[in-house]
Every structure is written in structure tokens, then in C-alpha cells.
Colleague: 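Below you'll find the structure I mean.
Note that the coordinates shown come from a computational prediction; the quantities given were computed from them, not determined experimentally.
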Protein chains: 2
Amino acid sequence: MRVTSDRALDHPRREDIRLEAVLHALSDPMRLRVVAFLSGVDDEGAPCSAIDLVVSKSTSTHHFRVLREAGVISQVYRGTAKMNALRRRDLDELFPGLLDAVLHARAAQRRREGDAEPVPF
Amino acid sequence: MRVTSDRALDHPRREDIRLEAVLHALSDPMRLRVVAFLSGVDDEGAPCSAIDLVVSKSTSTHHFRVLREAGVISQVYRGTAKMNALRRRDLDELFPGLLDAVLHARAAQRRREGDAEPVPF
DNA sequence: CTCGTACTACGAGGTTTATCGTACAAGGGT
DNA sequence: ACCCTTGTACGATAAACCTCGTAGTACGAG
């Protein structure tokens, strides 16, 4: 993962990730959508702009920060972009099965509601 | 499950339970504690007073209501008490593995933090 | 150096939340 | 009937949250 800027971002260490914070981060539809999207992306991650939330840029920034501060995603600057990746390894180690259960639950709910779209997010 | 009062309480139907609402309900430490406690209780459920949250009665009522309205627990009057039970069957059917993952995650977190108490909640 | 892209910082608005205290209702036991 | 136990309703307060717009920074490309 090449970093082309030394601007640093605070991430909680794995052992400081709190279940309550993770659940809270996942309880927002926007953020759940981001997580679902990132779950289908490789370790390099994707820039914030890769997923079209239907909100303003500031709101988008806000949601990505909530996810980062909860320990759900990692963010790294690369040029003018900021790459976002799921902290799948950390989450799976801390809370085995949780992330998968949430992702499957969301997928199931979308199926039930006929929201299935060609894109998986 | 004997009901000794006809006072009715609104519960979402199973198909109306929303993942976001469930995750939100579970993202509060008090409520997570309630759920962990109820997971070790039979289908009859337990009265609100069975678990000692360290908050006022009104706050306690509030948390139980949030759990009920999210579809996480069911509540039934029985005499002066109100019996609370996890809607495990509904949740497991809608979101397989989610509840267990959350409960295990919480237990693991407590173990890591040395919060293990004799009581399992 | 200037421009465009990608994102941030700050502050504001409106909503929801967690908490409490007080006052009240419903039901069981004496 | 009268209490005691259990939980509710209502109103208040302070904090957190989601949303936005505007103004600004960092970086790469030309």
C-alpha cells in the first residue's frame, strides 16, 4: 500500500476497538453501504469518491471518519485521494463472524425488500 | 407464556425488523447487557427488575422500549411485572448468525478487558 | 505557477439520544 | 380497602448525531 503523503490519520489500535462503537458505526444505512462496498474491494481499498453516497461531500467525510474512528476501516492518503479499506483482519480476529453476519444480514434484507441492484452495494 | 393483563404493547412484525435498527439497539452498553442477560434466560423471559442496570427506572424503561421497538426483545405484561424475552427465533431467521456473533463478541471483549464476572452479563 | 480534483475544517440547523425526577397506573397480597 | 411492587408517562436537560454550505488545504498535471 503506497503512501504518497505523510499526513497521518488516527486509527484505533486493534485492541482498542470497541464492539459498541463498531455496532454504532454499522447502524447507519450510509455507512453500512460503504462497508458493503468495501467488502468487495481488495486490500488497496478505494477512494471515498468511488462510492456514490447521495449526500454532500462534508457528510460523506463525516461518515468515513466515524467508520475509521470506530476501527471499521483504515484510511491512507495517496496523492489527493484517500484510500479506504475494511479492517477485515482486525475485525475478524476481535469479533469472529460479526462482519460476515452483518454483511449477509444486509444482503438478505435487500433481497427481501426487492432492492437487489446489479451492483452489490 | 401466560398473560395476566390485556394491556398490549406494539412489536414490529418479524418481516418489519430492520437491520439498522437492530444494530443501533445493540450499540448501547446498557442494552447490550440486557440482551446478554436475556440470552441466558428461557422463553418465559425475565422481568425488567431481574437485571440491575445502574440507572434510574425511567432510563431502564426507555432502553427496554428501544429494544422492543427494534424487534430485539418481546415484552408481555404479567401481573405487575413485564416479562422480557429475546426474539431469538425471529432474529436468527432474519439475520442468521448475527445475534450469536454479537454475543460472542461481547463476551470476548469482556474477557480481554478482564471484566469477567461470576454472572454472565 | 496555476488549475482542477479530492477531501477537510468549521460552524450552524434540526433531530435524536440518554439521562433524570416526579407523578401516576395496574396488579397482587394482606 | 390499603399498601407495596413494578413499571409508565411526561417534561426537562445536556450531549450526540446527521446534514449541509462555505471556505480552505494538499497534491498532481499541465
Colleague: Go along nucleotides 10-19 of chain D 5' to 3' and tag each nucleotide: B for a protein heavy atom under 4.0 Å from its base, S when only backbone or sugar atoms are that close, - otherwise.
Modeller: -------SSB
Colleague: In whole Å, I'd like the distance from the CD1 atom of B:I73 to the P atom of D:dG7.
Modeller: 11 Å
Colleague: How close or far is atom P of C:dC7 from atom CD of A:Q75, stated in whole angstroms?
Modeller: 9 Å
Colleague: Go through the structure and list residues passing side-chain hydrogen bond (donor to acceptor under 3.5 Å, both in side chains) with B:R65, not counting sequence neighbours.
Modeller: none
Colleague: Please report, rounded to the nearest Å, how far the P atom of C:dT17 is from the CG atom of B:L67.
Modeller: 13 Å
Colleague: Please list all pairs meeting salt bridge (charged side-chain N to carboxylate O under 4.0 Å, His left out) that have one or both residues in residues 94-103 of chain A, counting only residues at least two apart or in different chains.
Modeller: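 Applying salt bridge (charged side-chain N to carboxylate O under 4.0 Å, His left out) to every pair that reaches into residues 94-103 of chain A, excluding sequence neighbours, yields A:R88-A:D100.
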Colleague: Taking atom C1' of D:dG7 as reference, at what distance in whole Å does atom OH of B:Y77 sit?
Modeller: 7 Å
Colleague: For residues 17-26 of chain B, which side-chain N or O atoms pair as donor and acceptor with protein atoms under 3.5 Å away, sequence neighbours left out?
Modeller:
residue: B:R18; atom: NH2; partner: A:E113; partner atom: OE1; Å: 3.2
residue: B:R18; atom: NH2; partner: A:E113; partner atom: OE2; Å: 3.1
residue: B:E20; atom: OE1; partner: A:Q109; partner atom: NE2; Å: 3.3

Colleague: Between A:F64 (CZ) and C:dA9 (P), how many Å, whole number?
Modeller: 15 Å
Colleague: Tell me the closest heavy-atom pair linking A:G45 and A:A85, and the distance in Å.
Modeller: CA-CB, 3.9 Å
Colleague: Applying side chain to side chain contact (heavy atoms under 4.5 Å, CB included), name anything that partners A:R89, two or more places apart in sequence or on another chain.
Modeller: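 Scan of A:R89 (side chain to side chain contact (heavy atoms under 4.5 Å, CB included), adjacent residues dropped) gives none.
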Colleague: Among all residues two or more places apart in sequence or in another chain, which pass the side chain to side chain contact (heavy atoms under 4.5 Å, CB included) test with B:A107?
Modeller: B:R111
Colleague: Within this structure, what is the CG-to-P distance between B:D52 and D:dT6, rounded to whole angstrom?
Modeller: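 From B:D52 CG to D:dT6 P: 12 Å.
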Colleague: Nearest to the B:T80 side chain among C:dG28, C:dC7, D:dA26, which nucleotide is it?
Modeller: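 It is C:dG28.
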Colleague: Indicate, with a heavy-atom threshold strictly under 4.0 Å, whether A:S49 touches base, sugar-phosphate, or nothing.
Modeller: sugar-phosphate
Colleague: To the nearest Å, give me how far apart CG (A:L53) and P (D:dC20) are.
Modeller: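 Checked: the CG to P distance equals 10 Å.
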Colleague: Side chain of B:R65 only, heavy atoms from C-beta on: which candidate in C:dT5, D:dT6, D:dA9 is closest?
Modeller: D:dA9
